Amino acid sequence: MRIAVIGTGYVGLVAGTCFADSGNEVVCVDIDEAKIQALQCGLVPVYEPGLDDLIHKNAQARRLEFSTDLAASVSRSEVVFIAVGTPEGETGGADLRHVLAAARQIGQSIRHYTVVVNKSTVPAGTADKVREVIAANTQVEFDVVSNPEFLKEGAALDDFLKPDRVVIGTTSERARRVMAELYAPFVRTENPVLFMDSRSAEITKYAANAMLAARISFMNDIAMLCEHVGADVDFVRKGMGADKRIGYPFLFPGVGYGGSCFPKDVKALAATAREHGLELELLHAVERINDRQKRVLLQKALKHFGSLSGRTFAVWGVSFKPQTDDVREASSLVLIEGLLDAGATVQVYDPVAMPVLQRTLGDRVRCARNLYAAAEGAEGLFLVTEWNEFRQPDFDQTKAIMKTPVIFDGRNVYDPARLREKGFVYYGIGRGA
Ligand code: NAD
């Protein structure tokens, strides 16, 4: 099939590349000329394991190309995906400006029956809005389908190529056949393709993200309680997860969820409810707990040191989770800003997110070349993102180069007893035992 993907970000680039890899002819379109130029030269603008190789392979086979020319790309395509950003709007709801702008341009450009697929995360009813905008700009036949994306940054290729499920919102039999054919290569192991109406598809995406965020906030509340009663949340987590009705994923307490999706999606779902005169109380609690949790390491440091002013601290990990360079809404940024505001000096190291951090914070922080350089002379060390290389550092070397050996383990990756044996003062999350 000939496919155009509008929006070449994390989602559009991965989706376009994977569709090309299954034999389709794909053009990825973006308004960002620098991004498209880089991709045309073989430079991949985001860090995503395995993506570079797959892009190069498919670009060489001429199944994948990059363009800023939306009209030409859309007019020759049978399927057009919208994968532009849907950031938080002023009142917490999703800002649909980019989606509707893309829809208008698609309407002006289609020349024959086209399936327009909305992959961006959008509120219930957006497919209808997109349909109206396209219809106002064309006489040509088309269908609009909601096909929310569930990939995780850091494991995006695997998630896309072997999805747990594919959700497709459409009532058109013609569009349904096209979508079933397109996704057939990715669901050969019988993972379900779930067809439903577009509003249910749109809500499914938000509800799934809100549920995952709720599990995290719930565990962060339980962790807070564990600290107060002298229990260890890590035992509690294991005891809970062994229950098949609960399971282990997303039961890790920590420094709060970040990233480009959970924070805005929880807000957007609450905003949709509000537009319908409803308050989803649980979501408000999920958000409040997360805001508190993003500051939890800072609170622990303040309690330990009294004042942070004039002290030097190390931060290990900046990206909102391992295996990505994405720092959007990352908890690390709240911690770093808090340390800087308190008058501290901050030395940071992240395996891949340093260039992004430099663009975000400039020379307000010291960017270290490795984890030990970040720890040098520090009075406290914050583990924020659990990259593999932080899991088993040389603690003797770390202790030797730190000014005072105090560790704030925001992900509970270290063994408190072992670190205390080595002479560290250890603080974890919810480890009161
Ligand atoms: P992104 O910000 O990385 O990329 C969006 C791209 O769209 C940008 O490159 C931007 O220049 C481009 N764009 C904006 N308007 C355009 C237009 N009119 N024409 C062409 N290009 C345009 O965003 P993302 O992280 O890929 O997310 C895209 C959507 O997918 C969002 O709705 C997001 O919530 C959803 N989503 C994201 C993830 C994720 O992990 N990042 C996962 C699932 C769903």
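For ligands, and for the atoms within them, numbers begin at 1 and follow the listed sequence. All residue numbers in this chain count up from 1 along the given sequence. Remember, predicted model here, so these are calculated numbers, not experimental data. Side chains are part of it too, since the values below use all heavy atoms of this structure and drop only hydrogens, waters and symmetry mates.
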Please work out whether any backbone atom (N, CA, C, O) or any side-chain heavy atom from C-beta onward of [X] is under 4.0 Å from ligand 1, and answer side chain, backbone, both or neither.
X      : answer
Arg97  : neither
Ser260 : side chain
Cys261 : side chain

task: Verify the distance criterion only: is there a donor paired with an acceptor across the side chains of Arg104 and Asn137 at less than 3.5 Å?
output: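 Side-chain D/A pair, Arg104 to Asn137: absent.
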
field: Any donor-acceptor N or O pair under 3.5 Å, side chains Asp143, Tyr113
entry: yes

Do ligand 1 and [X] have nitrogen or oxygen atoms that lie under 3.5 Å from each other?
X      : value
Glu149 : no
Thr86  : yes
Asp265 : no
Asp32  : no
Arg328 : yes
Ala83  : no

Within ligand 1, which atoms have a heavy atom of [X] less than 4.0 Å away?
X      : value
Lys264 : 33 (C), 34 (O)
Glu153 : 39 (C), 40 (O), 41 (N)
Gly9   : 1 (P), 3 (O), 4 (O), 6 (C), 26 (O)
Lys35  : 8 (C), 9 (O)
Ile31  : 11 (O), 13 (N), 14 (C), 15 (N), 16 (C), 17 (C), 19 (N), 20 (C), 21 (N), 22 (C)
Gly85  : 5 (C)
Ile6   : 19 (N), 20 (C)

Heavy-atom pair with the smallest gap, counting every atom of Ala184 and Arg188: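 Looking at all heavy atoms of both residues, the closest pair is O-CG, 3.5 Å.
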
message: As a test of understanding, state which of Trp316, Phe313, Tyr349 forms a ring pair (Phe, Tyr, Trp, His ring centres under 6.0 Å) with Phe382.
response: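 For Phe382, the ring pair (Phe, Tyr, Trp, His ring centres under 6.0 Å) check succeeds only for Phe313.
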
Nearest protein heavy-atom contact for [atom]: which residue, which atom, what distance?
atom                    : value
atom 30 (O) of ligand 1 : Val11 CG2, 3.5 Å
atom 35 (C) of ligand 1 : Thr121 OG1, 3.4 Å
atom 18 (N) of ligand 1 : Gln105 OE1, 3.7 Å
atom 42 (C) of ligand 1 : Leu151 O, 3.5 Å
atom 8 (C) of ligand 1  : Asp30 OD2, 3.4 Å
atom 29 (C) of ligand 1 : Val84 O, 3.4 Å
atom 7 (O) of ligand 1  : Gly7 CA, 3.4 Å

task: Could you walk me through whether Val117 and Thr170 pass the side-chain contact (heavy atoms from CB on, under 4.5 Å) test, one step at a time?
output: CA-CA 10 Å; Val117 187; Thr170 179; over 6 Å; no

query: So, does Glu48 sit close enough to ligand 1 that a heavy atom of it is under 4.0 Å from the ligand?
result: no

message: Check contact between Lys152 and ligand 1, using heavy atoms of the residue and a distance below 4.0 angstrom.
response: no

Student check: side-chain heavy atoms of [X] and [Y] closer than 4.5 Å:
X      : Y      : result
Leu51  : Tyr10  : no
Ser319 : Asp325 : no
Asp30  : Cys28  : no
Asn24  : Ser22  : yes

task: Check the pair Thr312 / Gln347 against side-chain contact (heavy atoms from CB on, under 4.5 Å), numbers first and verdict last.
output: CA-CA 7 Å; Thr312 297; Gln347 304 182 155; 3.7 Å; yes

field: Straight-line distance of Arg411 CZ to Thr385 OG1, nearest 0.5 Å
entry: 6.0 Å

- line: CZ (Arg111) and OG (Ser109) are apart, to the nearest 0.5 Å, by 6.5 Å

message: For Asp409 and Leu419: C-alpha separation, side-chain torsions, deciding distance, then whether side-chain contact (heavy atoms from CB on, under 4.5 Å) applies.
response: CA-CA 11 Å; Asp409 176 1; Leu419 283 192; over 6 Å; no

message: Could you walk me through whether Glu153 and Ser260 satisfy the side-chain contact (heavy atoms from CB on, under 4.5 Å) test, starting with their C-alpha distance in whole Å, then the side-chain angles of each, then the deciding distance to 0.1 Å, before giving a yes or no?
response: CA-CA 10 Å; Glu153 287 176 22; Ser260 65; 3.7 Å; yes

query: Can we call the ring centroids of Phe19 and Phe186 under 6.0 Å apart?
result: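 That pair passes the under 6.0 Å test.
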
